[in-house]
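Read through the structure below, which is laid out as structure tokens, and then see the notes.
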Amino acid sequence: GGSGDPAANGGSGSSDSGSSASGTISGQLAGAGASSQEAAQGAWTQNFIALNPEAQVTYDSVGSGKGRDQFISGGVKFAGSDEAMKPEDMEKAAETCQGGTAMDIPVYISPIAVVYKLDGVDNLQLSPATVAGIFSGQITKWNDPAIVADNPDANLPDKAITPVHRSDKSGTTGNFTHFLSETAPEAWTAGEVEEWPTDGGQSGDGTSGLVSTVEGGDGTIGYADFSKAGNLGVAKIKIGEEYVAPSADGAAKAVEASPREEGREEGDIAVEIDRKQTDSGVYPLVLVSYLITCDTYEDQATADLVKGYASYVISEDGQKAAEEAAGSAPLTEGLRTDAQKSIDSIKAKA
Amino acid sequence: MSETPAAHTAAPAARARIDTTSERHLPWYHLALTGLASAVLAAIILLALGKLSIAGVVVLGYLLHLIIGFAYSRVREGRRWATDRFVSLLVFGAFGLALIPLVSLLMEVIVRGAPRLVAPGFLTGDMAGVIGGMDAGGIWHAIVGTLLVTFWASVISVPIGLFTAIFLVEYARTGWMKVLGKGITFLVDVMTGIPSIVAGLFGLALFVTVTSNPGIRIGMMGAVALSLLMIPTVVRSSEEMIRLVPMDLREASYALGVPKWLTIVRVVLRTAIAGLTTSVTLAVARVIGETAPLLLTVGALPLLNTNMVSGRMQTLPTFINSQYKLGNAVCNSDTLTNPITGIEHACSVAINFDRAWAAALVLIMIVMVLNIVARLVSYFFAPKSGR
Amino acid sequence: MSTIDASNKPAARKTVASGSGRRAGDTIFSALSVGSGLIIFLALAAVAVFLSLQSREAIEGSRELTGSADAVSLLEYTGPLIFGTVFAAVLALLMAVPVAVGIALFISHYASRKLSTPLGYLIDLLAAVPSVVFGLWGGVWLVPRLEPLYLFLNKHLGFIPLFAGEPTAPMKNLASASVVLAVMILPIITAVSREVFLQTPRLQEEAALALGATRWEMIKSVVLPFGKSGVISASMLGLGRALGETMAVLMVMSPGFTYSLHIFEVGRHQSIAANIAAQSAESTGIDMSRLIFTGLVLFVITFVINAIARAIVSRGPKS
Amino acid sequence: MPQAITVEDLNIYYGDFLAVENVNVVIEPRSVTALIGPSGCGKSTFLRTLNRMHEVIPGARAEGTVEIEGQNIYAAGVDPVNVRRRVGMVFQKPNPFPTMSIRDNVLAGVKLNNKRISKSDADALVEKSLKGANLWNEVKDRLDKPGMGLSGGQQQRLCIARTIAVRPEVVLMDEPCSALDPISTLAIEDLIHEMKEEFTIVIVTHNMQQASRVSDRTGFFNIAGTGKPGKLIEIDDTEKMFTNPANKQTEDYISGRFG
Amino acid sequence: MPQAITVEDLNIYYGDFLAVENVNVVIEPRSVTALIGPSGCGKSTFLRTLNRMHEVIPGARAEGTVEIEGQNIYAAGVDPVNVRRRVGMVFQKPNPFPTMSIRDNVLAGVKLNNKRISKSDADALVEKSLKGANLWNEVKDRLDKPGMGLSGGQQQRLCIARTIAVRPEVVLMDEPCSALDPISTLAIEDLIHEMKEEFTIVIVTHNMQQASRVSDRTGFFNIAGTGKPGKLIEIDDTEKMFTNPANKQTEDYISGRFG
Ligand SMILES: Nc1ncnc2c1ncn2[C@@H]1O[C@H](COP(=O)(O)OP(=O)(O)OP(=O)(O)O)[C@@H](O)[C@H]1O
Ligand SMILES: Nc1ncnc2c1ncn2[C@@H]1O[C@H](COP(=O)(O)OP(=O)(O)OP(=O)(O)O)[C@@H](O)[C@H]1O
Ligand SMILES: [Mg+2]
Ligand SMILES: [Mg+2]
């Protein structure tokens with residue numbers, strides 16, 4: 001499509017943009033993927049367009065899975081995903097990437113909050129094992145000894161706990177269950193799953209559905225992006241010896257301190273979050289979401305466009321925009337440097 | 001025959017006088033009286049239980065009235081009138097019951113949607129540069145997108161649906177046509193059960209295969225996916241309407257030497273036009289709020305795009321859906337600057353929900369207008385009974 | 001009147017046998033009609049083929065075919081979904097049809113002309129509400145208001161399996177989903193039934209009244225029999241919509257995958273369409289294929305249900 | 001006991017349109033009264049006020065009194081359904097219930113009043129009514145077939161059978177024979193003769209010979225022009241009406257027929 | 001030029017049911033042929049084969065030949081639409097088009113075929129046709145009102161006006177007067193007299209007087225019993241038929257009427 005169209009199919013960069021001699025980037029670029037990134041991607045695309053009026057970037061929030069699928073099939077030139085590409089996906093992506101490789105670039109870090117609605121209780125504190133007990137159905141009353149032990153000062157009612165989980169398959173559930181299985185393996189035995197492992201119970205579709213379900217009940221508890229907690233109570237989670245409230249800072253720190261996944265290609269940054277870290281102030285119940293790009297594109301225009309966009313996304317400005325719009329945690333300096341290195345490697349097919 | 005039928009049906013003694021008091025129709029205020037009695041009784045019962053509320057009185061009062069009104073009428077007017085009264089009450093009750101969701105839904109949407117609807121620029125602007133909790137943004141692009149996609153869906157499905165209905169009623173009467181007709185009727189029924197998301201997946205697969213462009217997302221794809229959902233509604237209800245045109249009229253037309261096709265166009269369709277407009281309006285209403293297929297086929301775009309065959313498009317249902325999914329906005333700072341216009345806006349946590357409700361209100365209003373237009377059409381074209 | 005005679009004068013008349021058999025207009029028109037029918041045929045065939053092809057991976061990789069214990073059993077996966085889908089739709093239909101027929105009768109035979117038109121319009125408005133909004137309204141407005149009713153029924157009629165179980169707030173259960181579905185299909189059933197009822201031949205209504213029938217007796221003996229097939233096909237339309245409805249169910253029901261009769265319990269049921277919508281965003285490969293397989297199953301369910309409905313209609317008296 | 005029908009100062013309206021003006025007439029019990037007059041003069045309209053079928057049409061109403069058994073059927077508190085049960089009606093166009101079998105069509109009215117009629121009684125009643133309508137021989141083998149399968153004439157006879165099965169006191173007939181063949185017409189005319197032993201009969205007919213054959217008294221309606229109300233010009237013994245009518249209009253109309 | 005209609009070996013079916021058997025008859029041009037017979041004997045069925053209206057009913061068909069102008073209308077390649085344009089038809093029940101005004105109803109034959117006609121021609125045609133149907137005076141002030149607003153008799157006359165407005169060569173009438181009052185009937189009968197100067201007319205009627213008044217030839221159909229096919233028993237000059245029929249059945253039927 002010509003540049004007159006507001007948007008078009010992925011990456012058909014206009015011919016004059018190649019060397020970006022004018023200093024601005026132009027062309028059309030489509031991405032798709034995780035809905036967790038939707039608010040942030042909204043801010044990035046809009047800001048990027050404002051900076052480069054000749055460019056047109058769109059993002060369809062269709063879910064991580066669909067986003068990766070579309071990326072692999074060549075439907076979109078970049079994807080947003082709550083999960084790094086799996087090795088078998090990497091193989092499939094080789095064709096789209098002109099024989100090169102796909103890269104995961106962490107761009108969006110968001111703390112996950114344990115949210116609850118319980119009249120009269122403002123400062124709920126929970127240890128991971130208690131959370132796991134609640135969500136696996138072993139703890140059913142708010143005045144259960146385990147909760148009382150975490151909250152010696154609170155006035156806990158004799159009320160049933162209604163745990164609320166996500167009814168859709170989601171990266172948030174994946175990170176939440178991963179956290180539980182690492183920090184409370186005895187209480188949480190279902191392991192890391194994106195789809196809630198047990199039947200029944202209260203649930204909600206998407207973050208909004210979950211939040212409204214928690215709001216609609218009494219004695220309900222759930223988990224959601226910290227930025228979406230709204231009016232709900234947010235529990236402090238016991239990390240080491242401290243009870244820590246979710247915060248952007250703590251989340252960023254936890255990611256910074258986590259190791260990279262081994263055996264990945266050069267430039268492919270998959271963070272293996274260390275859920276067990278206990279340093280003061282870290283909050284390892286966190287979601288890392290990636291921007292997935294190729295390292296090789298079919299033409300220079302697309303390569304420039306993706307490069308320009310990705311650079312903006314991880315830039316200080318971009319991260320700040322996301323923080324304002326989506327409440328995410330800005331990337332730490334170290335991560336940003338690595339990410340920039342990866343982005344710099346993006347090129348057109350020789 | 002031990003007894004002539006006349007003996008029990010027509011024996012003069014068995015005939016009551018017309019004004020007989022044993023069975024007579026009481027004036028309407030008896031119904032009002034029993035109604036009042038029921039309401040009072042309901043109030044007393046609820047008061048005794050300590051659960052007095054207006055809704056409770058209405059519901060319990062209605063239920064009690066079903067019994068009391070029936071019993072009273074049974075005693076004073078006899079079985080037949082009692083049954084008649086009872087059914088009338090049920091019918092009125094059904095209507096009242098249907099008003100509950102209708103009124104509450106409209107109220108909910110109006111109360112939550114109206115404030116944002118009247119915000120400056122909401123109806124005329126788009127979402128360019130609107131990020132986070134920015135207290136700005138409009139839906140003009142989505143309104144236009146919805147109208148375009150629905151219009152094209154209708155352009156595809158109304159002729160197909162109408163011609164199919166014509167085929168079923170006018171042609172599928174004998175021989176192989178009848179067999180084909182039965183098959184099609186059945187398939188149309190099955191088609192009503194296609195989940196909208198499957199229609200979306202199908203539209204996606206169809207266009208991707210045909211254009212061999214895996215990234216294709218255009219308005220026309222949405223129109224095709226929607227027409228898959230719309231066609232069965234059009235066929236079924238217009239078939240019903242066309243069937244109701246009396247055979248007499250067709251015969252009168254044939255006898256005047258009018259060919260079959262002109263008879264269908266000028267007599268059958270003309271006579272059924274009121275019903276047909278209702279069918280089409282219903283079908284449009286059926287699809288205009290579909291989210292899932294559009295999400296998969298037309299994508300999303302914060303700007304206006306009127307080109308059906310190139311580029312993504314925003315539509316109201318997907319807009320509502322994505323705003324709802326965005327949920328609570330983040331307001332780390334009091335103001336946000338639109339990067340494109342450079343204008344500073346306040347930040348509002350609930351802005352996404354506000355926009356969703358307001359867009360829903362607009363969607364409902366669009367369908368209302370469509371309904372009014374359809375009604376005007378049927379009013380001006382309906383058979384003039386003159387009675 | 002010479003002009004009239006001129007246009008009809010014998011010389012201008014062709015012989016009876018003139019013209020070439022059938023006329024072009026008729027040929028084109030009937031071709032268009034048959035063609036449209038065939039398009040539907042093709043479209044449906046295409047959907048069926050598409051669904052079958054896409055679900056091949058899931059079928060071939062199922063426990064039933066591979067025999068491997070790790071593979072997902074399609075029967076176990078789909079069974080509860082079928083149950084939930086049909087259960088919710090049938091409940092919705094049971095609630096909606098009597099009310100819809102009542103409203104249709106109210107508009108066609110009880111309310112005065114002046115009143116009935118705007119009233120009909122009002123009900124049609126419901127059809128206009130997008131399903132997302134039904135979902136929002138269902139969650140925010142309806143569910144809390146149904147709670148006392150559920151608790152009441154659960155407490156006093158709990159011996160009936162339907163009302164048994166343990167309801168927990170918020171009442172995002174099958175009952176709520178069915179109520180929302182019922183409201184959603186109400187307008188379409190009402191609209192079609194109303195139109196059919198209004199077409200009852202006046203002469204027959206008068207015949208019944210002249211025999212001394214009350215209004216209800218007239219309706220029972222003339223209007224309802226006349227409108228029966230219309231009401232049934234309207235219900236089928238409604239049922240189709242209820243079976244395939246996605247967003248509202250997704251937003252109003254906490255899903256679960258069991259064969260539970262307890263409609264007040266949350267997390268017991270899920271519908272096929274809602275499940276596809278909930279899972280498809282994050283599903284790829286065989287998982288996606290399995291979801292599409294459930295879409296195929298829904299397709300087949302509508303097939304079967306319609307076949308049954310057809311059998312019921314055709315067993316009735318023919319006019 | 002069949003009763004006289006006394007109509008006083010009856011004005012009949014369709015909305016604002018006065019269709020029939022100021023009718024005053026006494027219809028004798030156990031007699032046949034024929035109503036004749038040109039098309040559109042309001043014969044059907046008047047007939048339908050005698051069992052309150054008129055008000056079934058939206059906007060239609062009647063003012064004045066119609067007394068049966070000395071009771072004004074338009075008085076407040078009178079149930080039109082009761083009126084219609086005692087004043088039966090046969091229409092101009094045959095209107096059997098399409099969803100019912102022939103047998104059920106005949107029993108339709110009876111079942112409303114008497115839910116639990118025994119099978120043998122019902123059979124007997126069906127047979128008697130169908131015989132009365134001269135239809136028995138044609139349909140006795142297919143009583144369970146739908147009534148709509150009959151030819152037009154047969155359908156009308158079925159409707160007559162249905163009405164007389166209820167055995168009302170008064171039977172109103174609006175051109176009941178206009179769709180019948182002569183043989184059926186004759187049978188119906190005979191039936192009318194028989195029926196007047198027990199019933200009061202009012203019949204609208206265009207066939208003046210029929211009027212003269214079956215009726216004891218004949219009423220002549222006329223209309224001054226389109227948009228004007230119809231009026232009862234004259235009512236008298238049939239013989240007198242057809243030989244020596246008092247009114248010039250009547251004479252013109254009747255002689256026009258035989259001209 | 002109106003033409004004779006020659007019917008040879010005509011068998012008429014409804015699906016597998018043989019409704020009318022083996023009709024052989026020549027209908028003279030510029031004459032009126034009346035068809036009489038008891039209800040259900042197949043008069044309407046036969047009439048409808050003369051302009052191929054019969055086949056409009058699913059499953060209905062006719063075997064044999066019907067020749068108009070020496071051309072068999074059932075031959076392959078004959079367009080039934082052309083046949084019907086030249087062989088018009090008036091039905092038993094009035095069936096004006098409900099969506100059309102009185103004026104448009106009269107012009108239906110012209111307008112539905114998308115023919116262009118000037119306003120003055122149309123006005124003249126409407127007036128002439130309505131006058132022919134004796135309806136002009138009653139409706140001339142409300143030509144733009146819906147046709148359904150008329151009384152039954154008026155509606156039927158409107159249908160007659162509609163048919164004669166097309167000015168076919170042959171006009172088939174199925175009990176056209178059964179819903180008309182004597183004055184309108186008389187006018188129609190006069191019209192039939194006029195029309196036969198130019199048209200061939202076939203009329204089904206139950207009114208034997210009408211048959212004797214209007215027709216030149218009369219055909220008598222009869223039926224042996226239910227489920228048996230109807231047959232044309234006899235056709236002859238009207239006078240002969242009513243005074244000295246050749247067939248015993250005819251005599252019985254006719255004398256039964258005048259008995
Ligand atoms: N439903 C109606 N609404 C308004 N006017 C009507 C209605 N029915 C009849 N009329 C008018 O009332 C007048 C009397 O009509 P009515 O049918 O009683 O005449 P009629 O004597 O029975 O005629 P016919 O012999 O043709 O049956 C006519 O002018 C007619 O147009
Ligand atoms: N559509 C139809 N399908 C099947 N049989 C029919 C149909 N119409 C008429 N018949 C049968 O064909 C026979 C002839 O019917 P037809 O209507 O021609 O009789 P008719 O002489 O016109 O009677 P009438 O004087 O009552 O109008 C009857 O036995 C009738 O039951
Ligand atoms: Mg009349
Ligand atoms: Mg006939």
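Keep in mind it's a predicted model, so treat the numbers as computed, not measured. Residue numbers begin at 1 in each chain, while the letters A, B, ... track the order of the sequences.
Between V87(B) and L105(C) there is no side-chain heavy-atom pair separated by less than 4.5 Å. Residues M247(C) and I197(B) form no side-chain contact, since every pair of their non-hydrogen atoms from C-beta on lies 4.5 Å or further apart. Side-chain contact between F29(C) and F167(B) is absent, with no heavy atoms from C-beta onward closer than 4.5 Å. Two residues are said to be in side-chain contact when any heavy atoms from C-beta on lie closer than 4.5 Å; P101(B) and W137(C) meet this criterion.
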- Message: Pair L51(C), V198(B) - check side chain to side chain contact (heavy atoms under 4.5 Å, CB included), show working.
- Response: CA-CA 8 Å; L51(C) 289 174; V198(B) 169; 3.6 Å; yes
- Do F163(B) and I39(C) pass the side chain to side chain contact (heavy atoms under 4.5 Å, CB included) test, and can you show the C-alpha distance, the side-chain angles, and the key distance before you say yes or no? CA-CA 11 Å; F163(B) 270 112; I39(C) 287 181; over 6 Å; no
- Query: Should E195(C) and E240(B) be marked as a side chain to side chain contact (heavy atoms under 4.5 Å, CB included) after you check the CA-CA gap, both sets of side-chain angles, and the distance that decides it?
  - Reply: CA-CA 9 Å; E195(C) 219 58 52; E240(B) 213 66 58; over 6 Å; no
- Message: Quick one, M177(B) with V34(C), criterion side chain to side chain contact (heavy atoms under 4.5 Å, CB included). Give me CA distance, side-chain angles, the key distance, then yes/no.
- Response: CA-CA 8 Å; M177(B) 295 259 236; V34(C) 178; 4.0 Å; yes
- Query: Could you walk me through whether Y110(C) and F95(B) pass the ring pair (Phe, Tyr, Trp, His ring centres under 6.0 Å) check?
  - Reply: CA-CA 11 Å; Y110(C) 281 82; F95(B) 189 78; over 10 Å; no
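L142(C) CG to L105(B) CG: the interatomic distance, rounded to the nearest 0.5 Å, is 9.5 Å. Rounding to the nearest 0.5 angstrom, the gap separating the CD1 atom in I40(C) from the OG1 atom in T164(B) is 3.5 Å. Here the CH2 atom belonging to W216(C) is positioned 10.0 Å from the OG atom belonging to S88(B), to the nearest 0.5 angstrom. Taking CG of D84(B) as the start and CD1 of I219(C) as the end, the distance is 8.0 Å to the nearest 0.5 Å. Here OG1 of T83(B) is found 7.0 Å from CD of E217(C). Values are rounded to the nearest 0.5 Å. Note that CZ of R194(C) and OG1 of T278(B) are 6.5 Å apart. Values are rounded to the nearest 0.5 Å.
In summary, of the residues considered (I320(B), T318(B), L363(B)), a side chain to side chain contact (heavy atoms under 4.5 Å, CB included) with V132(C) occurs for I320(B) alone.
Between chain C and the residues W261(B), F86(B), Y324(B), the most heavy-atom pairs under 4.5 angstrom are made by W261(B). With chain B as partner, the option from I188(C), L296(C), V140(C), L198(C) having the largest number of non-hydrogen pairs under 4.5 angstrom is V140(C). Ranked by non-hydrogen atom pairs under 4.5 Å with chain C, the options L106(B), L262(B), T185(B), L316(B) are led by T185(B). Contacts with chain B were tallied for A46(C), A191(C), A242(C), P98(C); A46(C) has the most, counting heavy-atom pairs under 4.5 Å. Here L244(B) is the residue among L244(B), I288(B), I184(B), I166(B) with the most heavy-atom pairs under 4.5 Å with chain C. Here L187(B) is the residue among V284(B), T291(B), L187(B) with the most heavy-atom pairs under 4.5 Å with chain C.
Proximity to chain B (any heavy atom under 4.5 Å) is shown, for F41(C), by both the backbone and the side chain.
Under 3.5 Å, the side chains of E170(B) and S33(C) contain no donor-acceptor pair of N or O atoms.
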